[in-house]
Amino acid sequence: MPGGRNSQRAWPDDGVTRVPYFVYEDAELYQEEQERIFRGPVWNYLGLEIEIPEPGDYITNHVGDTPVIVVRAEDGAIKAVVNRCAHKGSMICYQPSGHVTALTCPYHNWIYDFDGKLKSVAFRHGVRGQGGMPADFDLAEHSLVSLKVATIRGMIFGSFEPTVMPLEEFLGARLVTHVERTLNRPYRILGRCSQTMRCNWKLYAENSRDTYHPSLLHSFATMFKLNRLSAEGGIEMDEAGLHHLVFARRHTDNSSAEYDSAALRANEVGYALADPRLIEDWIEWDDGITNSIMTLFPCLNLQQSLNTVAVRQMVPRGPFESELFWTFLGFTEDDERKTRIRLRQSNLFGPAGFISLEDGAIGEFVQKAIRGEREQTTIIEMGGREVGPSPKTRTTETSVRGFWRTYRRFMNVAVGIPCQGSSMPQRARRSRSFSPDMPMRSTMI
Amino acid sequence: MIEDWPLFFIDDGQYLVTTRENLAKERPIGIMYCDGRGMMQDRVTALRQAIVFEPHVYRHIVGSTVISPTEDGSYAAASNFHILRTGADGAVVTYGCGRYLDEIVWHRGEMRFRKRTVVLDSSRIDTLLVIPL
């Protein structure tokens with residue numbers, strides 16, 4: 001049933017400015033997200049083409065909970081199939097990456113080609129005339145589940161939905177342009193790691209779209225004017241509001257009264273870096289942007305911060321845990337000096353990053369504090385109550401509201417959502433508690 | 001005291017926390033990198049004054065160290081480690097294990113690190129890394 005029991009139960013009337021805490025805990029909703037979002041009409045990040053340069057090279061990844069194999073076929077095309085044998089459900093590729101001539105299940109030696117078509121079954125005709133599969137066993141009926149694949153600038157995306165719109169259309173022209181702008185030269189991987197976060201995937205999805213928090217939570221950034229909201233910057237998004245780009249030009253930060261006088265924890269420590277080479281940078285892109293974070297629905301970030309270029313993929317690991325995979329990139333043209341600058345700057349990001357490490361914990365802070373809460377909601381009103389681009393300021397939660405608007409569309413949550421320019425629903429908030437015969441609201445988004 | 005940590009290094013000493021995988025694939029970026037004592041001091045200052053994290057402590061169980069002299073008069077040292085983390089809630093978990101690869105030199109009559117590479121066996125960090133390993 002659209003929306004499910006839970007989504008009818010307690011989504012408040014206030015549109016995307018309120019999110020009930022139960023959505024971060026509910027196991028049933030988590031299962032529904034797997035189906036409607038991750039296995040639904042979205043493009044999920046699968047990896048980088050440079051990770052599988054030769055035919056037969058493969059990597060494994062996850063789309064939501066579903067394990068997938070991404071492999072380069074003989075003709076150079078990239079294929080993606082579910083990493084689960086059609087026979088007994090075993091993983092086929094059990095290493096993170098490797099090279100194979102076919103996809104062979106270790107359990108009973110069922111062999112598939114890179115399209116996922118079953119080519120042979122061990123002992124299909126028995127041994128010495130005894131045993132074997134029934135005569136009508138048809139290889140063609142037992143293919144691996146395959147994903148549609150598309151790439152942009154060497155980033156591989158996959159979708160379980162055969163009728164999904166083309167990747168470029170899904171991303172929208174603005175985001176396509178910015179992906180192309182960011183990965184504008186051949187690149188290589190400088191490092192990889194991941195971090196477990198003890199929080200629901202949506203808490204990190206919100207965090208990575210939250211342009212209000214960085215200069216407050218990440219005090220380090222504010223102290224060194226790395227990413228203060230007083231620098232020139234804003235938010236752009238695709239027309240449908242699925243994906244967001246927040247950008248800033250650090251060298252335009254001429255300070256502001258709000259930062260200099262306000263009692264921000266972020267401002268209290270007046271120290272200078274003992275070694276300022278940590279943030280030594282050069283203007284690498286013609287547009288002068290020093291920080292740009294793209295968040296692509298559902299779970300991907302592509303960031304350029306100073307000269308740090310990184311792909312961040314979040315994989316949900318059940319309702320209460322997520323894993324964030326960091327891939328740091330450099331450009332193949334980099335000389336040793338540039339690589340060293342990127343290496344020093346890498347201290348700003350990742351699980352030990354001065355500007356990112358708190359994000360590993362803040363979701364857990366929320367998760368711990370909302371435990372068992374079935375009535376209360378968040379408040380998401382900074383910068384208004386609508387969803388839309390914010391070209392002049394990042395002091396807004398518009399991208400967070402954008403995430404929830406998109407989420408609710410995919411999950412078919414049947415509650416009125418104000419679009420930009422529409423009048424606001426009543427302010428008197430009624431937290432609707434569960435009633436099994438509560439009617440579905442008719443206002444669909 | 002964590003403030004003493006940079007003092008174990010020479011001025012331009014290097015400290016890198018990386019993973020077995022990144023080291024094997026010769027990828028320079030790991031988890032944490034300090035290029036000189038100044039960057040180590042900045043790590044300590046940030047830890048003490050800027051960064052938000054739940055309090056926790058690490059207990060290092062370090063195995064026997066294999067030390068071998070090198071041609072330039074320094075020493076190469078390698079030790080296995082097991083790090084346990086005790087959190088604010090009292091939970092004790094294995095945070096990581098791996099190997100210290102060290103370059104140790106004489107500096108004004110004291111032995112100091114010229115380079116310490118902390119190679120974690122796992123590429124996955126539990127929540128965050130703020131206290132040097």
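Convention: sequence-line order gives letters A, B, ...; per-chain numbering from 1.
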(request) Might you point out which heavy atoms bring Asn22(B) and Gly191(A) nearest each other, and give the distance in Å? (result) OD1-CA, 3.6 Å
(message) For chain A, which candidate among Arg37(B), Arg43(B), Lys25(B) shows the most heavy-atom pairs at distances under 4.5 Å?
(response) Arg43(B)
(message) Within this structure, what is the CG-CE distance for the pair Leu357(A) and Met32(B), rounded to the nearest 0.5 Å?
(response) 8.0 Å
(request) Work out which heavy atom in Leu343(A) is nearest to a heavy atom in Pro28(B); give both atom names and the distance. (result) CD1-O, 3.4 Å
(message) Out of Phe328(A), Phe354(A), Phe365(A), return the one with the most heavy atom pairs under 4.5 angstrom to chain B.
(response) Phe354(A)
(request) Check each atom of Arg340(A) against the heavy atoms of chain B and say whether the ones under 4.5 Å are side chain, backbone, both or neither. (result) side chain
(message) Distance check, rounded to the nearest 0.5 Å: Thr45(B) atom OG1 versus Phe220(A) atom CZ?
(response) 9.0 Å
(message) Check this for me: does any side-chain nitrogen of one of Arg192(A) and Glu21(B) sit under 4.0 Å from a carboxylate oxygen of the other?
(response) no
(message) Show the nearest heavy-atom pair for residues Gly38(B) and Asp275(A), with the distance to one decimal.
(response) C-CB, 3.9 Å
(message) Just checking Arg20(B): does its CZ atom have more than 12 heavy atoms from other residues, nucleotides or ligands closer to it than 6.0 angstrom?
(response) no
(request) For chain B, find which of Arg188(A), Met197(A), Glu364(A), Arg344(A) contributes the most heavy-atom pairs closer than 4.5 angstrom. (result) Arg344(A)
(message) Could you go through Arg198(A) and Thr127(B), starting from their C-alpha distance and side-chain angles, then the distance that decides it, and tell me whether this counts as side chain to side chain donor-acceptor pair (under 3.5 Å)?
(response) CA-CA 7 Å; Arg198(A) 290 192 170 70; Thr127(B) 309; 3.3 Å; yes
(message) With chain B as the partner, which of Thr339(A), Leu278(A), Ile189(A) has the greatest number of non-hydrogen pairs under 4.5 Å?
(response) Ile189(A)
